[in-house]
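Only one structure is covered here, and it is reproduced in the block below.
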Amino acid sequence: MAFQRQLEVAVYHDVDRDIFIRDVYPLRKPAILKGIPLGPCTSKWTVEYLSGVGVSKEVKIHVSTVPQMDFLHKNFVYRTISFDAFVQRASEEKHANYFISEDEKYYLRSLGDDPRKDIADIKEQFPVLAEDMRVPEFFEQEQFFSSVFRISSRGVQLWTHYDVMDNLLIQVTGKKRVVLYSPRDATYLYLTGDKSEVLDIDNPDLSRYPEFQKAVRYECHLCPGDVLFIPALWFHNTVAEEFGVGVNVFWKNLPSEVYDRTDTYGNKDPTAATRAMQIIDRALKALEELPEEYRDFYARRIVLRIQSKAYRTNLE
């Protein structure tokens with residue numbers, strides 16, 4: 001985009017575990033990994049196969065009248081439908097059967113059997129399909145957190161957000177555009193929780209979000225069989241350029257005790273970060289006791305102290 005500096009995502013070929021750990025992982029930057037053996041899923045997971053494979057379960061999906069889904073303002077509804085019927089609808093441009101409109105868009109993000117307690121794991125929720133896939137073993141087994149099965153209608157765009165764990169986005173079928181932003185550009189993304197308020201990242205309202213143009217944009221296009229390494233805390237926004245199927249594999253790159261034990265999605269901030277945010281909220285509350293001139297002055301001192309004590313200085 002002309003309003004933002006743009007950098008390419010590095011591409012690596014024929015990556016195995018040793019190459020990933022030695023050459024890719026230490027950089028802590030997104031990377032496209034090509035030529036990884038993923039099993040027969042890349043050729044088998046057609047619409048016909050997925051809708052006829054015998055997965056009789058019902059799935060909870062996002063349904064929207066527009067392709068650009070907005071989690072903050074909830075411009076979609078949740079509906080439950082049989083998996084085979086969902087696959088057929090998601091692959092269509094116009095629908096004979098629909099919930100809202102004949103050109104509505106669909107998105108599936110698999111959930112645990114009890115989403116409040118269970119993580120998503122393709123081996124548990126879609127065992128037949130899991131047999132078709134070989135997940136890259138780039139981490140220790142005990143680090144595994146979740147494997148999220150995803151299907152999107154063509155054109156579906158998902159909101160910009162970050163996750164607190166490393167993950168591999170495995171693009172099994174279809175093409176997908178991914179735009180990423182570094183964690184150090186968080187101050188330019190107008191965050192509400194883990195999500196950016198800037199919904200249209202291609203044509204943003206810069207009068208409303210003027211700082212957004214300072215963020216550096218990393219953009220890539222994934223083809224079937226590509227794997228995108230997304231380090232923890234990197235913001236990402238995806239567009240399904242075709243009807244597509246993918247699997248995200250998340251793992252704990254930090255010790256288990258760092259993470260929130262109630263987190264089943266991989267997006268709750270580490271417990272220490274949550275405590276720090278609560279302390280800041282109390283500090284801000286205390287500053288309200290001061291007149292505006294003093295409140296402004298001491299708020300700036302707090303920011304400077306955080307910058308001097310916590311900001312990294314060895315950034316490229």
Side-chain angles (χ1 to χ4, degrees), residues 7-45 110 119-124 126-127 129-150 162-184 216 218-236 238 244-259 263 265-267 270 312-316:
L7 297 178
E8 294 183 357
V9 176
V11 179
Y12 297 81
H13 294 269
D14 303 319
V15 177
D16 59 17
R17 181 189 176 97
D18 291 339
I19 293 173
F20 179 78
I21 293 174
R22 185 190 69 224
D23 299 338
V24 180
Y25 189 79
L27 300 179
R28 305 303 295 160
K29 288 186 176 182
I32 299 173
L33 316 176
K34 291 181 174 288
I36 296 177
L38 298 174
C41 57
T42 53
S43 58
K44 287 180 70 174
W45 286 6
S110 66
I119 54 94
D121 186 348
I122 189 173
K123 292 181 179 179
E124 298 292 332
F126 298 92
L129 297 178
E131 293 178 1
D132 297 333
M133 167 169 276
R134 185 187 307 170
V135 174
E137 297 180 350
F138 292 167
F139 51 89
E140 300 299 330
Q141 187 173 357
E142 60 269 20
Q143 292 179 285
F144 171 81
F145 177 73
S146 67
S147 53
V148 182
F149 183 64
R150 303 180 191 268
Y162 69 87
D163 299 298
V164 299
M165 300 180 192
D166 287 347
N167 90 83
L168 297 175
L169 168 52
I170 302 171
Q171 188 66 21
V172 181
T173 70
K175 296 179 180 179
K176 178 173 290 181
R177 186 197 76 173
V178 185
V179 173
L180 306 106
Y181 296 98
S182 166
R184 63 177 175 266
V216 178
Y218 292 74
E219 182 173 324
C220 62
H221 295 261
L222 303 180
C223 296
D226 287 348
V227 177
L228 177 62
F229 170 52
I230 306 177
L233 307 183
W234 275 77
F235 296 87
H236 44 286
T238 64
V245 183
V247 176
N248 277 96
V249 181
F250 293 87
W251 71 93
K252 298 177 181 180
N253 50 297
L254 300 177
S256 292
E257 59 269 20
V258 171
Y259 299 101
D263 188 6
Y265 287 85
N267 60 6
R312 294 171 62 191
T313 58
N314 59 336
L315 296 175
E316 293 183 3

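Just so it is clear, the model here is predicted, and its values are computed rather than measured. The first residue of the sequence shown is numbered 1, and numbering continues consecutively from there.
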Using the test side-chain contact (heavy atoms from CB on, under 4.5 Å), find all partners of [X] that sit at least two apart in sequence or belong to another chain.
X    : value
P26  : none
K123 : D121, A130
S110 : A120, F126, V148, F149
V216 : R5, L7, D185, Y218

Starting at [atom1] of [X], measure out to [atom2] of [Y] and round the result to the nearest 0.5 Å.
X    : Y    : atom1 : atom2 : answer
I230 : L168 : CD1   : CG    : 9.0 Å
S43  : D132 : OG    : CG    : 8.5 Å
E137 : I36  : CD    : CD1   : 12.0 Å
L129 : K44  : CG    : NZ    : 9.0 Å
N248 : N167 : CG    : CG    : 4.5 Å
M165 : K252 : CE    : NZ    : 5.5 Å

Summary of ring-ring contact (aromatic ring centres under 6.0 Å, His included) pairs that have at least one residue in residues 17-40, sequence neighbours excluded: F20-Y25, F20-F138, F20-F229, Y25-F229
Which heavy atom in [X] sits nearest to a heavy atom in [Y], and how many Å separate them?
X    : Y    : value
A232 : P183 : O-CG, 4.5 Å
Y162 : F235 : CD2-CE2, 3.4 Å
V24  : A31  : CG1-CB, 3.7 Å
F145 : G266 : CE2-N, 3.5 Å
G225 : L38  : O-CD1, 3.6 Å
R134 : G39  : CB-N, 4.1 Å

Evaluate the side-chain proximity of V11 to C220: yes if any heavy-atom separation is below 4.5 Å, no if none is. no
Please examine the side chains of F139 and V249, heavy atoms only from C-beta on, and report whether any two atoms are closer than 4.5 Å. yes
Under the salt bridge (Lys or Arg N to Asp or Glu O under 4.0 Å) test, which residues partner R28, sequence neighbours left out? D166
Counterpart residues, salt bridge (Lys or Arg N to Asp or Glu O under 4.0 Å), relative to D163 (two or more places apart): none
Could I get the full list of side chain to side chain donor-acceptor pair (under 3.5 Å) partners for Y259, not counting sequence neighbours? N253
Filter on salt bridge (charged side-chain N to carboxylate O under 4.0 Å, His left out), then keep only pairs touching residues 16-26, sequence neighbours left out; what's left? R17-E140
Per the side-chain contact (heavy atoms from CB on, under 4.5 Å) rule, which among L228, V178, L222 passes with V9? L228
Please check: side-chain N/O of Q171 versus main-chain N/O of G246, any donor-acceptor pairing under 3.5 Å? no
For atom CD of E142, decide whether the heavy atoms of other residues, nucleotides or ligands shown that lie under 6.0 angstrom number more than 12. yes
